[in-house]
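Here's the structure, in structure tokens; my notes come after.
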Amino acid sequence: MSGQPLVVGAVAYTPNVVPIWEGIRSYFQSSESPETQMDFVLYSNYGRLVDSLIAGHIDIAWNTNLAYVRAVLQTGGHCTALAQRDTDVDYTTVFVARPGSGMHAPEDIAGKRLALGSADSAHAAILPLYYLRRAGIAESDVHVIRFNTDIGKHGDTGRSELDAVDAVMAGEADVAAIGSSTWTAMGAEDLMADSLAEVWRTDGYCHCMFTALDTLPADRYQPWLDRLLAMSWDNPEHRTILELEGLRRWVPPLLDGYKPLFEAVEEQGIDPRW
């Protein structure tokens, strides 16, 4: 409805999501232009978020890559990709094991106990199997141990990745697949610094995406999008928000980065409504 603020939906996967979105809303409210005004709604899971986008309850969804794929599949492609974080580009999955494991390449993972995160986590469950298959290792070639922690959050909490790592540390698994951001955080905080080693890293793919239906007119979302992309790391007030959301700048969509997940969802028979 013209003159009304855009409503953006997101998932409250952790308590600090609230101050993040309060900060983002304040940034848009600081503009004098009514065309850039927004409000937000938080959901408990991505299935509900995608359902609400399709039902028209919200204008824009802050989707994970799996939620974006599901939105596209459920609407027959009638979606508009708007923006993503710079940290969503060239995201990777890292396979980690104890030092001295003898694993240095994907073929070394064959026959091993592979710990995966939540089944709805693209980076910690779906894409690890996809890239292993591309390397000639079928799911039947490994013994998969799954940690379906926080289903519905698409791995955002990171809990299932830590469960997978804990299994490796406890000797209950040989290797774990985790997101590159989790691996970087472990190194930055010296977590497991001398206890884990990188075995193999996948090619890059894309993570989260602001998504709208293609029925949302460009003149409704473009002013909002322009202001989003104008957030600057050099502005201390903007930087506070950017740091909380884990990026330095917002960037236009790189759609090629989602092709691996579209293929993985089809190959693995993942329900687009799940």
Intermediate values then yes/no, side-chain contact (heavy atoms from CB on, under 4.5 Å), V96 and V175: CA-CA 6 Å; V96 297; V175 57; 5.9 Å; no
Student check: side-chain heavy atoms of R239 and M231 closer than 4.5 Å: no
Shared hydrophobic cluster for L261 and L116 (ILVMFWY, side-chain gaps under 4.5 Å): yes
Donor-acceptor contact present, side-chain E172 to main-chain V168, <3.5 Å: no
Test item: I109 and F95 side chains (from C-beta on) under 4.5 Å apart, heavy atoms: yes
Ring centres under 6.0 angstrom apart (F210, W250): yes
Value rounded to 0.5 Å, distance of CD in Q74 from CG in L53: 9.5 Å
Donor-acceptor pair between Y91 and N65 side chains, under 3.5 angstrom: no
Y205 and Y258 aromatic centres sub-6.0 Å: no
Check: A177 main-chain N/O paired with T93 side-chain donor or acceptor under 3.5 Å: no
Min side-chain heavy-atom separation I20-E22 under 4.5 Å: no
Carboxylate-amine/guanidinium contact E245 R85, below 4.0 Å: yes
Under the side chain to side chain contact (heavy atoms under 4.5 Å, CB included) test, residues paired with D39 that sit two or more places apart: R25
Where R201 and S180 come nearest, the two heavy atoms and their spacing: NH1-CB, 3.7 Å
Gap between atom CD1 of I151 and atom CG of N45 - 0.5 Å precision: 10.5 Å
side-chain contact (heavy atoms from CB on, under 4.5 Å) evaluation trace for H154 with Y13: CA-CA 9 Å; H154 290 192; Y13 62 89; over 6 Å; no
Straight-line distance of Y131 OH to L129 CG, nearest 0.5 Å: 12.5 Å
Sub-4.5 Å side-chain heavy-atom contact between T215 and H78: no
Electrostatic pair D174-R113, nearest N-O below 4.0 angstrom: yes
Nearest heavy atoms of C79 and T211, plus distance in Å: CB-CG2, 4.1 Å
Between CG on residue L127 and NE2 on residue H207, distance to nearest 0.5 Å: 9.0 Å
Polar side-chain atom of S160 near backbone of S118 as donor-acceptor pair, under 3.5 Å: yes
Distance, nearest 0.5 Å, that separates CG of L66 from OH of Y46: 10.0 Å
Whether D108 side chain and H104 backbone form a donor-acceptor pair below 3.5 Å: yes
Note: E267-R134 ion pair, threshold 4.0 Å (strictly below): yes
Heavy-atom side-chain proximity of T92 to D203 below 4.5 angstrom: no
Side-chain donor or acceptor of E198 paired with backbone N/O of V94 under 3.5 Å: no
Hydrophobic cluster identity match, I126 and I137, side-chain contacts under 4.5 Å: yes
Lys/Arg cation over aromatic Y27: R227, 6.0 Å, 45° cone: yes
Basic-acidic side-chain contact under 4.0 Å: D163, R146: no
hydrophobic_cluster_shared for V251 and L242, side chain cutoff 4.5 Å: no
Transitive ILVMFWY side-chain link L49 to L73, under 4.5 Å: no
Side-chain donor/acceptor of T87 to backbone N/O of G246, under 3.5 Å: yes
Test item: V8 and D59 side chains (from C-beta on) under 4.5 Å apart, heavy atoms: no
Side-chain donor/acceptor of S31 to backbone N/O of F28, under 3.5 Å: no
Within 6.0 Å of CD in E237, more than 12 heavy atoms from elsewhere: no
D214-T80 side chain donor-acceptor pair, cut-off 3.5 Å: no
Electrostatic pair K153:D150 at N-O distance under 4.0 angstrom: no
Side chain to side chain, M209 and L82, heavy atoms closer than 4.5 Å: no
Side chains of E35 and W224, donor plus acceptor under 3.5 Å: no
Shared hydrophobic cluster, I54 / L6 (ILVMFWY, side-chain heavy atoms < 4.5 Å): no
Atom of P128, atom of A122 and distance for their closest heavy-atom approach: CD-O, 3.5 Å
Closest heavy-atom pair and its distance - P223, A218: CD-O, 4.1 Å
Y43 backbone acceptor or donor facing R48 side chain under 3.5 Å: no
Heavy-atom donor-acceptor pair, K259 side chain to L255 backbone, under 3.5 Å: no
side-chain contact (heavy atoms from CB on, under 4.5 Å) between E161 and T149, intermediate numbers included: CA-CA 9 Å; E161 292 167 87; T149 318; over 6 Å; no
Interatomic distance, D88 atom CG to C208 atom SG [nearest 0.5 angstrom]: 5.0 Å
Derivation and outcome, salt bridge (charged side-chain N to carboxylate O under 4.0 Å, His left out), residues R159 and D166: CA-CA 10 Å; R159 182 64 257 174; D166 287 345; 3.5 Å; yes
Atom of G23, atom of I241 and distance for their closest heavy-atom approach: O-CD1, 3.2 Å
Side-chain donor or acceptor of N235 paired with backbone N/O of S232 under 3.5 Å: no
Side-chain heavy-atom pair T157, T14 within 4.5 angstrom cut-off: no
Which atom of V142 lies closest to which atom of A110, heavy atoms considered: CG1-CA, 4.1 Å
